[in-house]
Amino acid sequence: MVEVRGRALRSPRWAAAAAAFALLAAACGTVGEATSSVAGSDGLVIGVQRDQPGLGQQIGEPADGYDSYEGFDIRMAKEIARHLKVPAANVTFRRVASKDREELIQSGAVDMVVGTYSITPERKTKVKFAGPYYVAHQDILVRKSNPASIGDLHDLAGKRLCMVPGSQSFQRVATEQSVSAVPVEAEGYTDCLNKLIAGDLDAISTDDLILAGLASEAAKKGEYMRLVNAPFSDERYGVGLRQDDVEGCEAVNEAITKMYQDGTMRLQLKRWFAPTGLDLTTTVPQFEGCI
Amino acid sequence: MTAVRQAPGTAQPAPSQPPAPPARRRTTGLRRAEPETPPGRVARLLPRTVAARIRTLTAVSLVLLVALLAVAWAAIANAREGVRVIGQDAGPQVVATGDLYFQLTDMDAQLANALLAGGAAGGARDQALARYNDNRLKAGDALLKAAKLADERTEENTARDVLDALGRYERLAGQALLLDRQSDRASGAPSAEVIGLYRQATDLMKLDLLPKAYNLTLDNGTLVRHTYEDKRSAVLTGRMWVLITGLALLVVLAGFQLYLAKRFRRMLNVPLALATLASLVLVVTGTAMLSGQASHLRQAKEDGFDSILSLARARAISNSAAADETRFLLDPDRADAYEQVYLNKSQTVLYLPAGNLTEYNKAVQGDLSFEPGRARFLGFLGTEANRPTESGEQLSQMVNALNKALADYQKVQANDRQMRDLVHAGKRSEAIAARASAAEDFAVYDRSLQSLIGLHQKEFDEAVKDGDDGTSGWYTVLPIAGVAIALLVLVGVRPRLAEYRWSK
């Protein structure tokens, strides 16, 4: 009797204590996550693009699967994870839209973003960039049969140009270079390609690596595209990390340096882009720096 | 005794029991203290005689003394290693690789100048080539230094790749110059073949050489940051252990003193008191010295090195942006790309939100005055403006130097706007002609960055020297102090032990 009563008295107290402990642990866990570095972490959630053929493309299910994506960026992400000594089983991919990348990094929903993520001064005010691991150049893609001749950037004035929210590309044309192209909004670059094929667009302008992927994708459907080959910007593809992750940034930079030194980059660039005929740079880019 | 033995069968208690009546315990303790029955577990571990207790206390003091010396030694070793890496290795290497970047950039700029000038009267080409050669020599020098200091495999590989790429660059530059001379033109644009060669050379510089030189600088930043964090925390941990072992030693010595005073009824054991005092002085000065080391390390890193690194990077990026201006003029086909890159680099140096270069040029000409720690611009120069500095005099010196650099930067950006406006108005040759005075303005800006670096270098050198001086001599002081304290303890204890021997 006594014992039962004692238990009845004690148990809520224990429950409260356990709950408080759990809360505390959860709070600590959250804090720990926010300040933890990708260097030395056991698992990684990597944000990637899913609709950029040749760079980051979803090819299967589940959406977070290690083997559900393919492309140059995916390969980079896997190599970086390997250099950070994170086993493949603990690497999770998460598809991100261009416009959400900063927010997902800041909120901790992803540990890093490897997805045609150009380093820009504006973005640097929100996230930290390791790398760049490659410097692409913005170029223009048109239909081969396009009657309107587009020879360089300035010919885009008055033409219908694809605009993907969160992507820097349209701004580069319209704001930076002050070429008054007509924006046609699309969800992503595959959507841009569909619109170009359908004739809703005159041109797509973004990084040459993406365009090359789109062109070969279109060729598979029997639609032939032409890369104008008039590069007008440096797009430095960085690895987006949390603003305070200096340690992780340095570790990723070291990984990238090693990838260039041991020939991984040459191999991967060739594998994904050699058929496109692009000029590929196989030497390590100038890093942004972590502090 | 025999009687007892001969009567085992009597009612007397068994004699095998050790006879230890409490009455036989001597309060003076000069003779062997009889063990109590039954001895407790702890009591059995404790020494049972006064002499043994004195010996044990002596041994404990000496062990603690050795421990104190060892942790102090280790902490000093950490501090010295930190000062060495930051002050003698990585710090100078940052300067060396920063210079390397500058010299490589200037080589490429001078090659462009030489090609632009052509064989026109005034000897512009010869001047440019003289500077080119000068830079090449200095670059070789800086590269040698950087390679010598490289201490990681990846870093070594990078240094070697730079050397290799420099050789290839030289070959292309030589070909371009030769071809240009053979074409025998007075001035104006060089031939397409020359431009083709120059493009190859400048691409090599831009894509291969400079990135690696810059990454070498960043590697050193990483090295310094790691060393700083490791060593500073090691020094602080060492300080904590010095305090712990030091306090333990002081407690034991004081307890020893009290024990002797009680046992031997003496007021003060002078040598032991001196040993206690010496230990106290050692612990206090050692702790203070280690605190000083931690702060010297912090000063060298945060007030000196961090600024040197970020200004070296600002200088590197500014120089490469200036080269992009020249390329913009020299290579109209890629002018758009060069302009975008110029904007990007400018925003890295001094960030103000702007959609394009025209907007940026305009924004930069606005008010750039700042209150230290609260600048409204970012980028390398913003970081410098936002850096908290300590002393008032240094602060005003830095602020003045930074303000000068900012004003010079505004001039550079104004020139850039002017040059681009001329080009867009179709006056390319005028734009090229205006390059000479713009280059001078840029040199002024570059020099004010250098003098700002110089100020931080001074602070860095002082902190490194203070760090070096702070520990110098401690490797001598520690053993001497250790031997002295140990001797004092022994001298203090010896007569007491001797007393015990006498009474035996």
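Note that the structure is predicted; figures quoted are calculated from it, not measured. Each chain gets a letter, A, B and so on, in the order the sequences are listed, and its residues count up from 1.
- With a 4.5 Å cut-off on non-hydrogen atoms, A:H137 does not touch chain B at all.
- Cation-pi contact between B:R313 and B:F380: absent, since separation from the ring centre below 6.0 Å together with deviation from the ring axis within 45° is not met.
- With no hydrogens or angles considered, no side-chain donor-acceptor pair links B:Y338 and B:T326 at under 3.5 Å.
- Using cut-offs of 30° and 60° on the angle between ring planes, the pair B:F328 and B:H424 is perpendicular.
- Contact of A:S233 with chain B is made through backbone and side chain together, with heavy-atom distances under 4.5 Å.
- Using a 4.5 Å cut-off between heavy atoms, A:T282 does not touch chain B at all.
- A:E250 and B:H226 form a side-chain donor-acceptor contact under 3.5 Å, judged by distance and modelled atom types alone.
- For A:V246, the parts sitting under 4.5 Å from any heavy atom of chain B are the backbone and the side chain alike.
- Residue A:E103 places its CD atom among 12 or fewer non-hydrogen atoms of other residues, nucleotides or ligands, all under 6.0 Å distant.
- The 12-atom threshold is exceeded at CZ of B:R168, counting heavy atoms of other residues, nucleotides or ligands nearer than 6.0 Å.
- A distance of 10.0 Å separates CD of B:E156 from OG1 of B:T158, quoted to the nearest 0.5 Å.
- Counting heavy atoms from C-beta outward, A:Q286 and A:V135 have side chains that stay 4.5 Å or more apart.
- By the 30° and 60° cut-offs, the orientation of the rings of B:F370 relative to B:F377 is perpendicular.
- Of the two parts of A:Q171, neither the backbone nor the side chain holds a non-hydrogen atom closer than 4.5 Å to a non-hydrogen atom of chain B.
- When the heavy atoms of residues 198-205 of chain B are compared with those of chain A, none of the residues falls under 4.5 Å.
- Rounding to the nearest 0.5 Å gives a distance of 13.0 Å between CD1 of B:I317 and CD of B:Q347.
- The candidate from B:N344, B:T154, B:L218 with the greatest count of non-hydrogen atom pairs under 4.5 Å with chain A is B:T154.
- Between A:Y134 and A:F72, the two ring planes are perpendicular [angle over 60°; tilted spans 30° to 60°].
- When heavy atoms are compared at a cutoff of 4.5 Å, A:P121 approaches chain B by way of both its backbone and its side chain.
- Annotation: residues 207-217 of chain B contacts chain A through B:L207, B:D208, B:L210, B:P211, B:K212, B:Y214, B:N215 [non-hydrogen atoms, separation under 4.5 Å].
- Exactly one of A:R236, A:E235, A:Q138 qualifies for a side chain to side chain contact (heavy atoms under 4.5 Å, CB included) with A:S118. That residue is A:E235.
- Contact record, A:L161 with A:A203: CD1-O, 3.3 Å, taken as the closest heavy-atom pair.
- For A:E247, the parts sitting under 4.5 Å from any heavy atom of chain B are the backbone and the side chain alike.
- B:Y342 does not touch chain A: none of its heavy atoms, backbone or side chain, sits under 4.5 Å away.
- Interface remark: B:A354 contributes backbone atoms only to the contact with chain A (heavy atom separation under 4.5 Å).
- Between A:Y117 and A:F129, the gap from one ring centroid to the other is short of 6.0 Å.
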